[in-house]
Amino acid sequence: MSEFAPICIYLVISPLLSLILLGVPFPFASNSSTYPEKLSAYECGFDPSGDARSRFDIRFYLVSILFIIPDPEVTFFFPWAVPPNKIDSFGSWSMMAFLLILTIGSLYEWKRGASDRE
């Protein structure tokens, strides 16, 4: 159990520190509802025009997904930081399968024109 002590300490201290850092500004913050300018509508200095719930082009979502996907895939590349003689054939083939899935997904997005601009 003593080998897990640093992890347990980390799991206790990190949420406490996060809550403290999130809570410290509240006593010092001013109440923004007292200023009428803060409660007024803001859109480049003009009153809002049009409906905020208009139709949105799906390509904006595709572009955001294209930027989000590389973040978790980097974590799957961490096993390759291990020396090659420490990875067995299962590890190597699973990484090759992962790269194959990424390649197929990238080719599909490219063929569908997800990154095309009009």
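- Cluster membership for I20 and F28, using ILVMFWY side-chain heavy atoms within less than 4.5 angstrom, is shared.
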Ignoring hydrogens and angles, write down the donor-acceptor pairs under 3.5 Å from the side chains of residues 95-104, residues two or more places apart or on other chains.
| residue | atom | partner | partner atom | Å |
| --- | --- | --- | --- | --- |
| T103 | OG1 | L99 | O | 2.7 |

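- Between the CZ atom of F4 and the CG atom of L11 there is a distance of 11.5 Å, given to the nearest 0.5 Å.
- Listed by chain and number, the residues in a side-chain contact (heavy atoms from CB on, under 4.5 Å) with I9 are I13 (sequence neighbours excluded).
- Applying the under-4.5 Å side-chain rule to Ile, Leu, Val, Met, Phe, Trp and Tyr, the cluster around V12 extends to L16.
- Between S94 and G91 the shortest heavy-atom distance is OG-O, 2.9 Å.
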